[in-house]
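Chain naming here is simple, since letters A, B, ... match the order of the sequence lines and numbering starts at 1 in each. No hydrogens, no waters, no symmetry mates; every other heavy atom, side chains included, goes into these values. The structure displayed is predicted, hence computed values, not measured ones.
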Amino acid sequence: MNPPTLEKRETVKTKVKTIGTMGAEVRVRFAPSPTGPLHIGGVRTALYNYLFAKGGGGRFILRIEDTDSQRFVPGAEEYIIEALSWCGILPDEGVEGGKVVESPSSKHPYAPYRQSLRGDIYSRYAQQLVEAGSAYYAFDSAEELEKLRKEAQERGEGFLYNYQNRESLSNSLSMPKNEVERRLKESRDWVIRFKVSPNRKVELYDLIRGEILIDSNTIDDKVIWKSSDSLPTYHLANVVDDVEMKITHVIRGEEWLPSLALHYLLYEALGWEEFRPQFAHLPLLLKPDGKGKLSKRDGERLGFPVFPLEWREGDKEVSRGFREDGYYPEAFINNLALLGWNPGGENELFTLQELVESFSIDRIVHSGAKFNVDKAKWFNQEYLRKRDIGALALELSPILKENGVDIELSKVEEAIALVGDRIAFVDQIWKESDYLFKAPSQLDPKLKSKVWNDNSSRQLKELSNIISQIENFTPPNIEEEIKNYIKENSLPMGQVMNTIRLMLVGEGKGISVAQIIYFLGKEESLSRLSKSL
RNA sequence: GGUCCGUUCGUCUAAUGGUUAGGACUCAAGAUUUUCAUUCUUGCAAUAGGGGUUCGAUUCCCCUACGGACUACCA
């Protein structure tokens with residue numbers, strides 16, 4: 001069971017492909033913990049798992065890792081499912097009708113997919129490990145351990161519960177049998193620790209990073225099962241479920257890399273080396289400015305969402321979501337996919353299907369990526385431009401309603417066509433086209449002082465006359481008539497045009513004057529022009 | 001402190017021993033324009049440092065620096 005010796009990424013790719021075509025179906029899982037909303041790093045992990053599975057004709061499984069009863073947050077599980085669904089990342093297994101599946105069926109053969117419902121399975125294996133001498137009962141109190149950690153820290157060392165001190169701590173290795181039995185019966189305060197054997201060089205293999213060699217003396221005897229809630233910790237639950245659920249590839253965040261050696265040892269102790277999946281540890285998503293990994297607080301601090309959907313904690317705390325901020329899921333996913341992976345060409349725009357087709361683990365980047373909100377906006381702009389005008393009109397309707405505009409859809413579509421390439425988000429359409437639906441309530445004083453003079457009133461009156469008499473009322477004609485007037489009277493073009501704009505728009509923005517007049521129609525245009533008089 | 005992972009423009013990245021080190025976002029300038037935008041063109045901008053190996057290193061090796069993760073009866 002030695003890890004393969006592979007130097008080049010090229011070779012790794014071949015290996016991954018081979019496994020996919022050797023008959024064994026690719027099965028990957030995304031295994032979040034329902035302790036709060038999924039953040040974009042988690043979404044990216046789910047996405048990469050999904051892309052890898054779909055690219056190899058495999059299955060993508062959602063498993064809920066709720067073995068920490070203390071940190072469970074109501075609503076988090078539903079949030080995770082809804083967020084993935086918004087992104088178009090639909091699990092093949094583990095969730096049905098928006099709910100995590102709790103009993104086995106042909107489609108969901110390894111149910112339940114919620115770990116808190118699988119307690120018996122883990123305790124059986126935990127027991128097995130103890131009986132085999134690979135694990136032991138430990139009774140040390142939190143206070144005792146805390147004290148030891150503190151002391152170690154004061155000496156400038158780290159505390160490890162391992163071969164060096166396990167004989168002198170309170171556990172089944174150091175106590176007489178009857179004392180152990182008494183304690184097991186009397187309290188719910190004990191745990192099972194994995195017994196790491198000393199002086200071993202554990203050879204790990206990561207699909208992204210290659211070979212890693214770990215000295216077993218640096219690993220500590222992790223708690224794998226706790227009697228307080230009769231549930232395992234991540235390490236055991238993970239290994240057991242990945243094997244039970246026939247997972248072939250574990251694609252997870254880099255924060256797990258330090259415990260990979262422990263996991264290898266666990267597979268070994270359970271006699272499961274041949275079922276051990278392949279591992280790929282993803283680089284982390286980092287804060288856009290300073291240092292460290294992206295966190296919930298960064299979104300608030302920097303003014304952009306870090307969650308796919310809005311999240312409410314009680315009634316007070318609200319965290320923004322990309323969906324609520326007006327991002328399209330396609331744009332969001334596209335952006336995320338390229339944060340830590342890229343297919344090598346110069347194209348940056350990919351549909352989910354195209355991502356599936358081009359994704360490969362060997363092109364995952366090795367270093368962490370800082371999230372950049374400008375780029376995220378750019379992606380959204382690209383997707384908005386590709387969007388059908390009819391769809392945009394529907395998306396804009398609620399905003400129009402909010403602003404008291406009641407107008408037929410065809411007119412809305414016409415307006416969107418005029419301003420469509422100026423915006424990145426639907427709500428910007430309103431900001432860029434409000435003057436097409438509503439007369440300005442006030443005139444920008446800055447523009448006014450720049451363009452308004454003693455002749456302006458007279459000019460507007462004369463222009464109103466001209467406009468009212470245009471028979472072939474089209475933008476080019478309107479423009480020509482206005483320009484003729486300016487020419488005949490030898491007036492400065494910019495000044496006159498901007499005076500008209502001032503009256504129509506109220507400020508120095510917007511599409512061409514002729515286009516505006518055409519869109520508004522004679523009556524409304526003339527009404528706006530006459531307001532100054 | 002210890003263990004592990006990483007390091008190419010400000011940011012995301014391409015180039016896996018031979019390129020004027022490429023693209024995208026941002027920014028700047030110019031062109032277009034009646035305004036604001038858009039669009040187009042151009043520009044600014046990087047191989048962390050030091051040693052090797054080699055005819056030749058962004059690329060392979062070592063050291064240093066820096067960054068990150070982990071170091072819970074959390075995942």
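Ring-centre distance between A/W190 and A/Y137: below the 6.0 Å cut-off.
For A/S123, the side-chain contact (heavy atoms from CB on, under 4.5 Å) partners are A/W225, not counting sequence neighbours. Taking the ring-ring contact (aromatic ring centres under 6.0 Å, His included) definition, one finds that A/F425 meets it with A/Y327, sequence neighbours left out. Residues forming a ring-ring contact (aromatic ring centres under 6.0 Å, His included) with A/Y48 (at least two apart in sequence, or on another chain): A/F359. Annotation: side-chain contact (heavy atoms from CB on, under 4.5 Å) contacts of A/E65 (sequence neighbours excluded): A/A31, A/R63, A/Q115, A/Y234, A/N238. Listed by chain and number, the residues in a side-chain contact (heavy atoms from CB on, under 4.5 Å) with A/L117 are A/E102, A/P112, A/R114 (sequence neighbours excluded).
Within the structure, the side-chain hydrogen bond (donor to acceptor under 3.5 Å, both in side chains) test picks out the following pairs touching residues 502-513 of chain A (sequence neighbours left out): A/D434-A/K509. Applying the salt bridge (Lys or Arg N to Asp or Glu O under 4.0 Å) test to pairs two or more places apart or on separate chains, those with a residue in residues 186-198 of chain A are A/R182-A/E186.
A/R193 comes within contact range of the sugar-phosphate backbone alone, with a heavy-atom separation under 4.0 Å but no base atom that close. The residue A/W256 sits close to a base: some heavy atom pair falls under 4.0 Å.
Phosphate contact (OP1/OP2 of B/rU71, side-chain N/O of A/K222, threshold under 4.0 Å): absent. Contact between the side-chain N/O atoms of A/R501 and the OP1/OP2 oxygens of B/rC36 is not found at any separation under 4.0 Å. Residue A/R63 has no polar side-chain atom (N or O) positioned under 4.0 Å from OP1 or OP2 of B/rA75. For B/rU39, one of the phosphate oxygens OP1 or OP2 lies less than 4.0 angstrom from a side-chain nitrogen or oxygen of A/R385.
Remark: A/D421, A/R422 in residues 416-426 of chain A come within less than 4.0 Å of RNA chain B through at least one heavy atom.
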Write out a two-atom table: protein N or O, nucleotide N or O from nucleotides 42-50 of chain B, distance below 3.5 Å.
none

Between the protein and nucleotides 3-9 of chain B, list the N/O to N/O atom pairs that are separated by less than 3.5 angstrom.
{"unit_1": "B/rC5", "atom_1": "O2'", "unit_2": "A/R209", "atom_2": "NH1", "d": "2.5"}
{"unit_1": "B/rC5", "atom_1": "O2'", "unit_2": "A/E254", "atom_2": "OE2", "d": "2.9"}

Return the polar atom pairs (N/O with N/O) between nucleotides 29-31 of chain B and the protein under 3.5 Å, or none.
none

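Taking the ring axis of A/Y328 as reference, the NZ or CZ atom of A/R387 stays within 45° of it and closer than 6.0 Å to the ring centre.
Counting only N and O atoms by type, the side chains of A/H281 and A/R209 include no donor and acceptor under 3.5 Å apart.
In a base pair of the Watson-Crick type (N1 to N3 plus N6-O4 or O6-N4) or a G-U wobble (N1-O2 and O6-N3), with each distance short of 3.5 Å, B/rU33 is matched with no nucleotide. The nucleotide B/rG1 finds its pairing partner in B/rU71, both defining distances of the Watson-Crick or G-U wobble pair being shorter than 3.5 Å.
Between A/D220 and A/K222 there is a salt bridge, since a side-chain N of the basic residue sits under 4.0 Å from a carboxylate O of the acidic one.
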Next item on the list: Going 5' to 3' through nucleotides 23-28 of chain B, assign each nucleotide B (protein heavy atom under 4.0 Å from a base atom), S (under 4.0 Å only from sugar-phosphate atoms) or - (no protein heavy atom that close).
Entry: SBSS--
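The nucleotide whose nearest atom lies closest to any side-chain atom of A/V223 is, among B/rC12, B/rC73, B/rA69, B/rC73.
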